[in-house]
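Take this structure, written in structure tokens, and hold onto it; I'll ask about it next.
Labels below follow one simple rule: chain letters A, B, ... track the order of the sequence lines, proteins then strands, and each chain is numbered from 1.
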There are 2 protein chains.
Amino acid sequence: MSRAEQKEKTRRAIINAAFQQLSADKSFASLSLREVAREAGIAPTSFYRHFSDMDELGLTLVDEAGLMLRQLMRQARQRIVHNRSVIQTSVETFMEFIMQHSNVFRLLLRERSGTSAAFRSAVAREIQHFCAELADYLRKENKSTAEMALIQAEAMVILVFHAGADALDASDEVRQRITTKTIQQLRWLAGGSKPPAV
Amino acid sequence: MSRAEQKEKTRRAIINAAFQQLSADKSFASLSLREVAREAGIAPTSFYRHFSDMDELGLTLVDEAGLMLRQLMRQARQRIVHNRSVIQTSVETFMEFIMQHSNVFRLLLRERSGTSAAFRSAVAREIQHFCAELADYLRKENKSTAEMALIQAEAMVILVFHAGADALDASDEVRQRITTKTIQQLRWLAGGSKPPAV
DNA sequence: ACATTGGGCGTACATTTGTAAGCTGAAAAT
DNA sequence: ATTTTCAGCTTACAAATGTACGCCCAATGT
């Protein structure tokens, strides 16, 4: 195995170890360099060969999470075309998605209002991007102004994200109720700029 | 000074020390028993005379935050009577409030999706209470069903809280923009159940 | 063929943490 | 007046953490 390959492999091992350890009871802040190194199967000091400190690793994780969000957006769009209600399809896709990538999602949720300014702005950037894409869609669909579409999109994203946070630790049944509730909330928002086609 | 008085006094000192240390860069989880004790002006081990561990202190803080929320709700209601738009008055009151009690608010925001299950449910309970009161108000005002009123109230609270989080670290000017944006979002939500009186 | 590079390791150290054990002195109870 | 209680202190220790330093050796460069 080439040296570059090997290095990339350990780097992935570190990143995966970090994601692995993120859970309902463990935030990134409560992760220690040594713990991550242990899980990745390397010596603590080897960590520095890849990241200068935990913060740098954290920002990398946020970047990865951003990629996931874009992937989610694409997936939702694909399903929309040949299906029923846009809102329902989107929320359901979102819920499926976060269940599959719960740790990624948890990271975004927590660091959005976390203790590191660098993290907060990194997460804010990813979510902004997400909102902007949604706003663009809404603007075309509803022929509203760009400003209004963005405000609307932001509200929608906040509600869906929050619903996701609740859904993460809930039973299937409760999650279904949360989904229904969220759909209702989004419809009110959508109805504000356009007569509702309930 | 009586013994009971003295004890209560140091207990307050501990609680205040904890709130004091909470800031944009310091979450409750990153607070150490020793730090709090230091700030409170007592020896580390004296802490145990008042709380069995940091978690117990944390739950006390959440309770205090709950009191604040109820106080906020009363304050908003008082202002509503003799003023202009209900939504505008409420959001503005909320914004004033969180600026005055930013650390209390930050605690609620963070522990809502924090790492301790006990904290999460404690915060959830306080926010539920807040939502229920608002829902009651909405139900009477709009003659909607109790269920719909609650779903609506929850959406509103989420949006306002989130706006508060953003506003905390923003400049006065940005905060004003956030306020306007939030008012717009709430109007869409309110309009869903009743024709809007913009 | 030889020299350089760099990822990974082991050792080491200063800090910080939670908390156990036991003492002290003043308030409260007898 | 004597005893009991108990908030607060000092001392002590084990565990965990971040990270500096230097060695090793296989992949790479010459």
Side-chain angles (χ1 to χ4, degrees), chain A residues 1-23 25-62 107 110-111 114-119, chain B residues 1-23 25-62 107 110-111 114-119:
Chain A
M1 185 153 28
S2 99
R3 194 125 84 158
E5 277 172 341
Q6 177 56 40
K7 175 155 190 185
E8 182 54 26
K9 206 169 158 188
T10 341
R11 189 187 145 93
R12 287 295 339 162
I14 294 175
I15 294 175
N16 291 340
F19 271 129
Q20 184 88 25
Q21 306 215 331
L22 293 178
S23 69
D25 308 317
K26 203 105 185 166
S27 73
F28 183 80
S30 72
L31 232 69
S32 81
L33 184 151
R34 287 177 109 104
E35 262 178 319
V36 172
R38 216 176 299 137
E39 171 101 20
I42 60 171
T45 48
S46 299
F47 179 92
Y48 295 107
R49 303 285 186 199
H50 302 271
F51 303 96
S52 71
D53 53 19
M54 285 295 282
D55 278 10
E56 201 176 302
L57 169 60
L59 292 179
T60 306
L61 297 191
V62 173
L107 177 78
R110 290 210 172 117
E111 300 309 328
T115 58
S116 155
F119 280 28
Chain B
M1 182 154 29
S2 99
R3 194 127 82 158
E5 277 173 342
Q6 177 56 40
K7 175 156 189 182
E8 181 54 26
K9 204 169 159 187
T10 28
R11 188 187 145 92
R12 287 295 338 160
I14 293 175
I15 293 176
N16 291 340
F19 270 129
Q20 183 87 26
Q21 306 216 330
L22 293 178
S23 69
D25 308 317
K26 202 106 184 163
S27 72
F28 182 80
S30 73
L31 233 71
S32 81
L33 184 152
R34 286 178 110 105
E35 261 178 321
V36 172
R38 216 176 300 139
E39 172 100 22
I42 58 171
T45 48
S46 298
F47 179 93
Y48 295 108
R49 302 288 185 196
H50 302 271
F51 303 96
S52 71
D53 53 19
M54 284 295 283
D55 278 11
E56 201 175 302
L57 169 60
L59 292 179
T60 306
L61 297 191
V62 173
L107 177 77
R110 291 214 172 113
E111 300 309 327
T115 59
S116 156
F119 280 28

query: Whole-Å distance between D:dC6 C1' and B:R11 CZ?
result: 17 Å
task: Round to the nearest Å and state the distance from B:M54 atom CE to C:dT19 atom P.
output: 10 Å
field: B:S32, nearest nucleotide to its side chain (from C:dG8, C:dT17, C:dA21)
entry: C:dT17
statement: All heavy atoms of A:A17 vs all of A:A40, minimum pair found to be CB-N, 3.8 Å
message: Nearest heavy atom decides the nucleotide; on that basis, is A:G41 or B:S52 closer to the 5' end of DNA chain C?
response: A:G41
- request: Check the distance between C:dG18's P and B:R49's CZ and give it to me in whole angstrom.
  value: 18 Å
field: Out of C:dG10, D:dT28, D:dA7, whichever nucleotide has its closest atom nearest the side chain of A:S2
entry: D:dT28
message: If you go through the side-chain atoms of A:T45, does one of them form a donor-acceptor pair with the base of C:dG10 closer than 3.5 Å?
response: yes
- prompt: Does a side chain donor of either B:E39 or B:Q20 reach within less than 3.5 Å of an acceptor in the other side chain?
  reply: no
- prompt: Expressed in angstrom and rounded to an integer, what is the separation of B:F47 atom CZ from C:dT19 atom P?
  reply: 9 Å
query: Tell me: CD1 of A:I42 to C1' of C:dG8, nearest whole Å?
result: 8 Å
task: Flag the pair A:R34 / A:F47 as yes when at least one side-chain heavy-atom distance between them is below 4.5 Å, and no otherwise.
output: no
field: Distance below 4.0 Å between A:S46 side-chain N/O and C:dC9 OP1 or OP2
entry: yes
- request: Examine C:dG8: is either OP1 or OP2 under 4.0 Å from a nitrogen or oxygen in the side chain of A:Q6? Give yes or no.
  value: yes
task: Consider the side chain of B:R3, meaning its heavy atoms from C-beta on, and name the nucleotide among C:dT17, D:dT17, D:dT5 that approaches it most closely.
output: D:dT5
field: Given C:dG7, D:dG18, D:dA7, the nucleotide with the shortest approach to the side chain of A:L33
entry: D:dG18
field: B:H50 side-chain proximity, nearest of D:dT17, D:dG8, C:dG18
entry: D:dG8
message: I need the CZ-P distance between B:R34 and D:dA15, as an integer number of Å.
response: 16 Å
task: Rounded to the nearest angstrom, tell me the gap between atom CG in B:L57 and atom C1' in C:dT19.
output: 16 Å
- prompt: What integer distance in Å separates B:M1:CE from D:dG8:P?
  reply: 10 Å
query: Quick one: are A:M54 and A:V36 in side-chain contact, heavy atoms under 4.5 Å?
result: yes
message: I want to confirm an ordering. Mapping A:A4 and B:A43 to their closest nucleotides on DNA chain D, which one lands closer to the 5' end?
response: B:A43
message: Using 0.5 Å steps for rounding, measure from the OG1 atom of A:T115 to the CZ atom of A:F28.
response: 10.0 Å
